[in-house]
Number of protein chains: 2
Amino acid sequence: MQKDTLCLGLLSLGPRSGYEIKQMFEGPLSDFYSLSFGTIYPTLNKLQSEKYVSCKQLSQSKKPDKKVYTITKKGKDLMKENLLGDASAYIRSGNFGDQIKSEFFLLLLFAKYLPKETLETVLNERVLFLQQKLEQFKYDGPVPSDLQALRNEKSITFIRGLATTLIESGLTYMEKNREKLN
Amino acid sequence: MQKDTLCLGLLSLGPRSGYEIKQMFEGPLSDFYSLSFGTIYPTLNKLQSEKYVSCKQLSQSKKPDKKVYTITKKGKDLMKENLLGDASAYIRSGNFGDQIKSEFFLLLLFAKYLPKETLETVLNERVLFLQQKLEQFKYDGPVPSDLQALRNEKSITFIRGLATTLIESGLTYMEKNREKLN
DNA sequence: GGTATCTATATCAGTTTGATATATATTATC
DNA sequence: GATAATATATATCAAACTGATATAGATACC
């Protein structure tokens, strides 16, 4: 997805600064997508210069100033147009373009070159890591106010449920089949 | 994982050309990792100049010449050393560094901006796509000879089983919960 | 007073991709 | 039998992106 569309989409959930957009990527979206500051800030500047977003400089007591961006009518139109265009492209290609770089799977692929104890440790840590992820996705308590908008999205409920299901079945599989790696 | 370690790892399964390494990424590895020609060819040149791999120019009848790279003892040592180093880093960080860019999840996140029929089509196509993926992972027939080495790895059996399990539970979830997106 | 951490924006070298170029050979189409 | 499309094979490069670093005000804690 184009970075422009993505930033506009996140701004459609409410006005936000570049820093707060980054927090969404580092928090609730971290398992699905990510953009760096080096992408976010130039994108916001470009979107502003083309009137897809407006910007208010906010001086905060107790914190540095921040620039809060708000999506404009023009921006919302562009976002919808791009989403529709992207969706059709995915349908036409029959491929949803998911791009995965899994260090863990690569490590498993070359597992035979690891000392046995190292492999054991890696698998144990992976299980612990997945259990933590599971807790994260299941967590239903309060979240920081600027992340609440994401939490309120219906689609996030669907996605969190899916992630929970996937991790649970992955964990079960790993526990049942880990001896296949020996 | 460093591109050097990864190329060495794939060459450890048998001598290969750059083109054939790319085929592994486009075929059986496509769901877990990918490197482009722009990365593969310079990496192989660098590895060769540093004696981690040796190279034989093969003239083939009926096909263009190819450069077949073979991992050296020095290369195998470096690979093992790097794998061990990486593994420890993952354990220490408690994060296996999986990086996912899922266009599909982003599209779902902004599903409310899509026309209802478009969303329906996207979800239907996704189900079809996942069913095809499932067939792919379950397929147990013959594969092209240069991909057979991968197929023979014990770890690939484990990974294919895991992928199958994940896709199956994902499909079940999607069929049961897709109305949550309306 | 020192140091660590958080909020906030900005920049940039280095890496990677996606596209393009080049070349040969095979297969399909017309 | 000519032409187009596809497959094999290597190489290169502009454009995009990341990860690191710089800068700076404010709080927290010891």
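Heavy-atom basis, side chains included; hydrogens, waters and symmetry copies ignored. Quick note on labels: first sequence line is chain A, next is B, and so on, each numbered from 1. In this text, all values refer to a predicted model and were calculated from it rather than measured experimentally.
The aromatic rings of B:Phe137 and B:Phe32 are tilted relative to each other, their planes meeting at an angle between 30° and 60°.
An OP1 or OP2 oxygen of D:dA11 is reached within less than 4.0 angstrom by no side-chain nitrogen or oxygen of B:Lys22. For the pair A:Lys67 and C:dA10, the criterion of a side-chain N or O lying under 4.0 Å from OP1 or OP2 is met. Side-chain N/O atoms of B:Thr39 include one lying less than 4.0 angstrom from OP1 or OP2 on C:dT17.
B:Leu181 and A:Lys154 make their closest contact through O-NZ, 4.3 Å (heavy atoms, listed as atom of the first residue, atom of the second, distance). Nearest heavy atoms, B:Thr5 versus B:Met79: CG2-O, 4.0 Å.
Nucleic acid contact for B:Gly38: base, since at least one base atom lies under 4.0 Å from a heavy atom of the residue.
Between B:Gln23 and B:Pro42, the residue anchored closer to the 5' end of DNA chain D is B:Gln23, taking for each the nucleotide with the nearest heavy atom.
When the nucleotides C:dA10, C:dT9, D:dC17 are ranked by their closest atom to the side chain of A:Tyr19, C:dT9 comes out on top. Of the listed nucleotides (C:dT16, D:dA9, C:dA10), D:dA9 has the atom at the smallest distance from the side chain of B:Tyr41. The side chain of A:Lys66 has C:dT9 as its nearest neighbour among D:dA11, C:dT9, C:dT17. Ranking C:dG18, D:dC17, C:dA10 by closeness to the A:Lys3 side chain, first place goes to D:dC17.
The 12-atom threshold is exceeded at NZ of B:Lys74, counting heavy atoms of other residues, nucleotides or ligands nearer than 6.0 Å.
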